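Below you'll find the structure, written out as structure tokens, and then a few comments.
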Amino acid sequence: MSQHFDAIIIGTGQAGPPLAARLAAAGMAVAIIERHKFGGTCVNTGCIPTKTLIASAYAAHVARRGAEYGFVINGDVRVDMKRIKARKDEVSGLSNKGVEEWLRGLKNCTVFQGHARFHSPRTVVVNDEILQADKIFINVGGRASVPAIPGIHDVPFLTNSSMMDVDFLPEHLVIVGGSYVGLEFGQMYRRFGSEVTIVEMGPRLIGREDEDVSEAVREILEIEGIRIRPNAKCISLAKLDSGIGVGIECDEGPPEVIGTHVLLALGRTPNTNDLDLDRAGVVTDQRGYIIVNDQLQTNVPGIWALGDCNGRGAFTHTSYNDYEIVADNLFNSGHRRVSDRIQTYALFTDPPLGRCGLTDAEIRKSGRAALAAKHPMSRVGRAVEKGETHGFIKISVDAETKHILGAAIFGTGGDEVIHVLLDVMYAKAPYTVVQHAMHIHPTVAEFLPTVLSKLEPFA
Ligand SMILES: Cc1cc2nc3c(=O)[nH]c(=O)nc-3n(C[C@H](O)[C@H](O)[C@H](O)COP(=O)(O)OP(=O)(O)OC[C@H]3O[C@@H](n4cnc5c(N)ncnc54)[C@H](O)[C@@H]3O)c2cc1C
């Protein structure tokens with residue numbers, strides 16, 4: 001016996017739950033399926049727990065700098081990892097519980113717990129139940145990639161998921177992968193008190209960013225005592241008497257790092273290999289990302305893919321924006337498109353990096369005439385007052401239209417201040433709107449007009 005619904009949603013990440021609520025509120029009979037923890041990656045193993053842990057690490061860091069601010073701590077600042085984990089579990093747990101209770105409390109919505117697989121383009125099987133609907137929305141997210149590194153099966157390794165269970169201080173954490181996840185965990189564990197080495201295959205950290213941004217991030221991590229090993233050509237793992245050996249064969253330095261624990265932070269893999277997508281006829285690219293059009297429809301009419309699994313974004317905000325696009329197009333006959341959104345994200349190191357729009361490299365490639373300005377955080381009053389002067393603000397604008405093309409704010413408050421520029425970009429207004437606006441003193445944002453008054457032809 002099959003059960004009929006108007007819509008089936010697979011996965012309760014950042015797009016599925018709000019979509020379930022919207023469809024159910026419109027009177028549609030909705031089935032939503034979750035195989036593991038409600039709320040998915042962001043809630044359980046991603047943004048929320050990591051930012052909670054980063055807050056603990058920041059507090060410890062500031063406490064160690066007490067003398068600079070004029071207070072005394074009698075003795076060393078040491079962390080209690082069990083309490084740090086308990087705080088993280090509480091914050092993340094509240095969110096996980098909130099999503100589950102929300103979904104279970106929705107009128108017209110039935111929650112199924114189990115692994116969903118397609119049986120046909122209109123049929124999904126979960127446990128022994130057969131569900132049918134004319135509309136199916138896939139929001140299955142992704143997981144940490146575990147590439148076939150030599151020795152991978154011989155040593156225990158951590159991922160962002162298993163890091164959530166760590167309630168002790170690793171003596172020496174070797175992080176393989178120098179991008180967002182690796183850097184956030186790296187700084188956090190260094191501040192907790194671990195020795196940290198970050199191994200990166202590319203020539204520099206966060207390789208998609210401009211070189212000056214990469215370099216500034218590397219500098220602040222090294223100041224805190226994190227060892228960075230770029231150009232790691234051939235990574236391998238081996239169990240040694242003294243710990244875990246990570247073979248790196250870099251151009252410089254010893255060919256091996258020996259740590260007590262290894263965290264793999266080598267990107268994400270979409271959870272699409274065990275959905276039986278072929279039974280529905282839904283196609284993916286070579287890396288397993290579901291191919292979608294600008295409205296997030298797959299090649300099969302009536303099936304959409306939202307969030308990380310469609311490869312059109314890798315953030316909570318992109319997944320939530322996917323939900324908004326799909327819902328608006330369904331209910332408001334909207335014409336919202338993925339290609340209308342402006343790239344934006346943050347790296348939550350301390351200081352954070354807020355980014356929007358194009359990088360310098362992308363602007364150069366586009367060949368357009370641009371103006372740019374850069375301003376050090378050491379000359380931003382608020383940063384000086386807070387004793388957090390690392391980093392810089394840089395902004396590029398189109399020389400003809402005066403539209404903002406891109407910005408990087410690597411400095412205290414950068415994750416928030418970037419929105420001033422982002423919203424002006426969405427408004428398609430010229431940068432002079434920001435330049436002539438009166439901002440609050442003393443803030444980092446009040447310096448944006450100053451930066452914009454220093455624009456010069458793009459180098
Ligand atoms: C360590 C880390 C830190 C991050 N920090 C940030 C950050 O600060 N800001 C930010 O914007 N983004 C961050 N991200 C990225 C962010 O977490 C993801 O982009 C976001 O969670 C994507 O959500 P989603 O909707 O695609 O699906 P997910 O949140 O991945 O959820 C998918 C859900 O589908 C379920 N599922 C999968 N397959 C099936 C199946 N066959 N049947 C039933 N259920 C299934 C899964 O169990 C999961 O619950 C971070 C990621 C990591 C790993």
Side-chain angles (χ1 to χ4, degrees), residues 8-20 31-55 88 92 95-96 99-100 103 111-118 124-127 129 131 136-145 158-164 175 177 179-186 188 263-277 280 288-290 296 304-323 326 343-349 352-355 415:
I8 297 170
I9 299 170
I10 307 174
T12 65
Q14 293 301 305
L19 185 63
I32 187 160
I33 310 163
E34 175 52 57
R35 70 175 178 190
H36 190 41
K37 289 188 174 175
F38 288 86
T41 309
C42 180
V43 165
N44 299 293
T45 60
C47 341
I48 294 180
T50 55
K51 269 79 252 182
T52 308
L53 292 167
I54 283 171
K88 179 270 293 176
S92 165
S95 202
N96 158 264
V99 174
E100 179 168 3
L103 290 173
V111 175
F112 291 86
Q113 273 191 278
H115 183 100
R117 289 175 195 277
F118 278 93
V124 170
V125 178
V126 52
N127 306 325
E129 309 201 65
L131 317 182
I136 301 179
F137 304 90
I138 307 170
N139 178 219
V140 293
R143 59 185 183 278
S145 299
L158 294 155
T159 65
N160 69 291
S161 298
S162 48
M163 282 302 283
M164 296 299 117
I175 300 176
S179 199
Y180 296 80
V181 172
L183 301 192
E184 289 182 11
F185 275 114
M188 177 201 304
L263 164 62
L264 295 187
L266 290 165
R268 311 283 297 165
T269 300
N271 291 325
T272 53
N273 57 322
D274 50 8
L275 269 177
D276 288 349
L277 286 173
Y289 289 102
I290 297 173
L296 302 164
W304 287 255
L306 301 85
D308 286 10
C309 68
N310 65 25
R312 301 292 293 267
F315 298 100
T316 281
H317 46 275
T318 49
S319 180
Y320 190 82
N321 187 250
D322 283 359
Y323 142 67
V326 168
Q343 160 155 269
T344 189
Y345 48 84
L347 163 70
F348 292 93
T349 46
L353 166 69
R355 277 270 302 112
D415 50 337

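We count residues from 1, following the sequence as given. First listed ligand is number 1; within each ligand, the first listed atom is number 1. Just so we're clear, the structure is a prediction, and the values are computed from it rather than from any experiment.
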query: Between Gln14 and Ser319, does any side-chain donor sit less than 3.5 Å from a side-chain acceptor?
result: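 Judged by distance alone, the side chains do not pair up.
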- prompt: Does a donor on one side chain and an acceptor on the other come within less than 3.5 Å for Asn321 and Arg312?
  reply: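 Checked: Asn321/Arg312 side chains show no N/O donor-acceptor pair below 3.5 Å.
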Where is the nearest protein heavy atom to [atom]: which residue, which atom, and how far?
| atom | result |
| --- | --- |
| atom 52 (C) of ligand 1 | Gly46 CA, 3.7 Å |
| atom 21 (O) of ligand 1 | Cys42 N, 3.2 Å |
| atom 31 (O) of ligand 1 | Gly13 CA, 3.3 Å |
| atom 20 (C) of ligand 1 | Thr316 OG1, 3.7 Å |
| atom 29 (O) of ligand 1 | Thr41 N, 2.8 Å |
| atom 15 (C) of ligand 1 | Ala314 O, 3.5 Å |
| atom 44 (N) of ligand 1 | Arg35 N, 3.2 Å |

Give the atom numbers and elements of ligand 1 that come within less than 4.0 Å of a heavy atom of [X].
| X | result |
| --- | --- |
| Gly307 | 26 (O) |
| Asn160 | 1 (C), 53 (C) |
| Gly114 | 42 (N), 43 (C) |
| Lys51 | 5 (N), 6 (C), 7 (C), 8 (O) |
| His36 | 47 (O) |
| Gly40 | 29 (O), 31 (O), 48 (C), 49 (O) |

query: Should Ala144 be listed as contacting ligand 1, given a heavy-atom distance under 4.0 Å as the test?
result: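 No, Ala144 has no heavy atom closer than 4.0 Å to ligand 1.
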task: Answer yes or no for Thr45: is there a heavy-atom contact with ligand 1 below 4.0 Å?
output: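 Yes, Thr45 has heavy atoms under 4.0 Å from ligand 1.
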message: Phe315: which residues meet the ring-ring contact (aromatic ring centres under 6.0 Å, His included) condition with it, sequence neighbours left out?
response: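 ring-ring contact (aromatic ring centres under 6.0 Å, His included) check on Phe315 returns His317, Tyr345.
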Gap separating the [atom1] atom of [X] from the [atom2] atom of [Y], nearest 0.5 angstrom:
| X | Y | atom1 | atom2 | answer |
| --- | --- | --- | --- | --- |
| Met163 | Lys88 | CE | NZ | 10.0 Å |
| Ser162 | Leu263 | OG | CG | 7.5 Å |
| Trp304 | Ile136 | CH2 | CD1 | 10.0 Å |
| Ile9 | Asn139 | CD1 | CG | 8.0 Å |
| Thr318 | Tyr323 | OG1 | OH | 15.5 Å |
| Cys309 | Ile290 | SG | CD1 | 4.0 Å |

message: salt bridge (charged side-chain N to carboxylate O under 4.0 Å, His left out), that's the test. Do Asp415 and Lys51 meet it? Break it down for me.
response: CA-CA 12 Å; Asp415 50 337; Lys51 269 79 252 182; over 6 Å; no
Any N/O of [X] closer than 3.5 Å to an N/O of ligand 1?
| X | answer |
| --- | --- |
| Phe315 | yes |
| Ala116 | yes |
| Arg268 | no |
| Asp308 | yes |

Considering only heavy atoms, which of [options] lies nearest to [atom]?
| atom | options | value |
| --- | --- | --- |
| atom 32 (C) of ligand 1 | Asn271, Asn139, Asp322 | Asn139 |
| atom 48 (C) of ligand 1 | Glu34, Gln113, Lys37 | Glu34 |
| atom 14 (N) of ligand 1 | Gly141, Gly142, Cys47 | Cys47 |
| atom 37 (C) of ligand 1 | Ile48, Ile10, Val140, Thr50 | Val140 |

- request: Could you tell me whether Leu275 approaches ligand 1 through its side chain, its backbone, both or neither, with non-hydrogen atoms closer than 4.0 Å?
  value: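 Side chain only.
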query: Backbone, side chain, both or neither: what part of Phe348 comes under 4.0 angstrom of ligand 1, heavy atoms only?
result: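 Under 4.0 Å from ligand 1, Phe348 contributes side-chain atoms alone.
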- prompt: Applying the side-chain hydrogen bond (donor to acceptor under 3.5 Å, both in side chains) test to Arg143, which of Asn160, Thr45, Asn271, Thr41 qualifies?
  reply: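 That would be Asn271.
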message: Given Val124, which partner from the list Ile33, Leu275, Asp276 fulfils the side-chain contact (heavy atoms from CB on, under 4.5 Å) test?
response: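 Only one of Ile33, Leu275, Asp276 forms a side-chain contact (heavy atoms from CB on, under 4.5 Å) with Val124, namely Ile33.
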field: Side-chain heavy atoms of Val111 within contact of Thr12, under 4.5 Å
entry: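 Not touching, per the 4.5 Å side-chain cut-off.
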query: Is the shortest heavy-atom distance from the side chain of Glu184 to the side chain of Ile54 under 4.5 Å?
result: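 The answer is yes, as the side chains (C-beta and beyond) meet within the 4.5 Å cut-off.
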- prompt: Taking atom NE2 of His115 as the centre, does the number of heavy atoms from other residues, nucleotides or ligands within less than 6.0 Å exceed 12?
  reply: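 Count over threshold, so yes.
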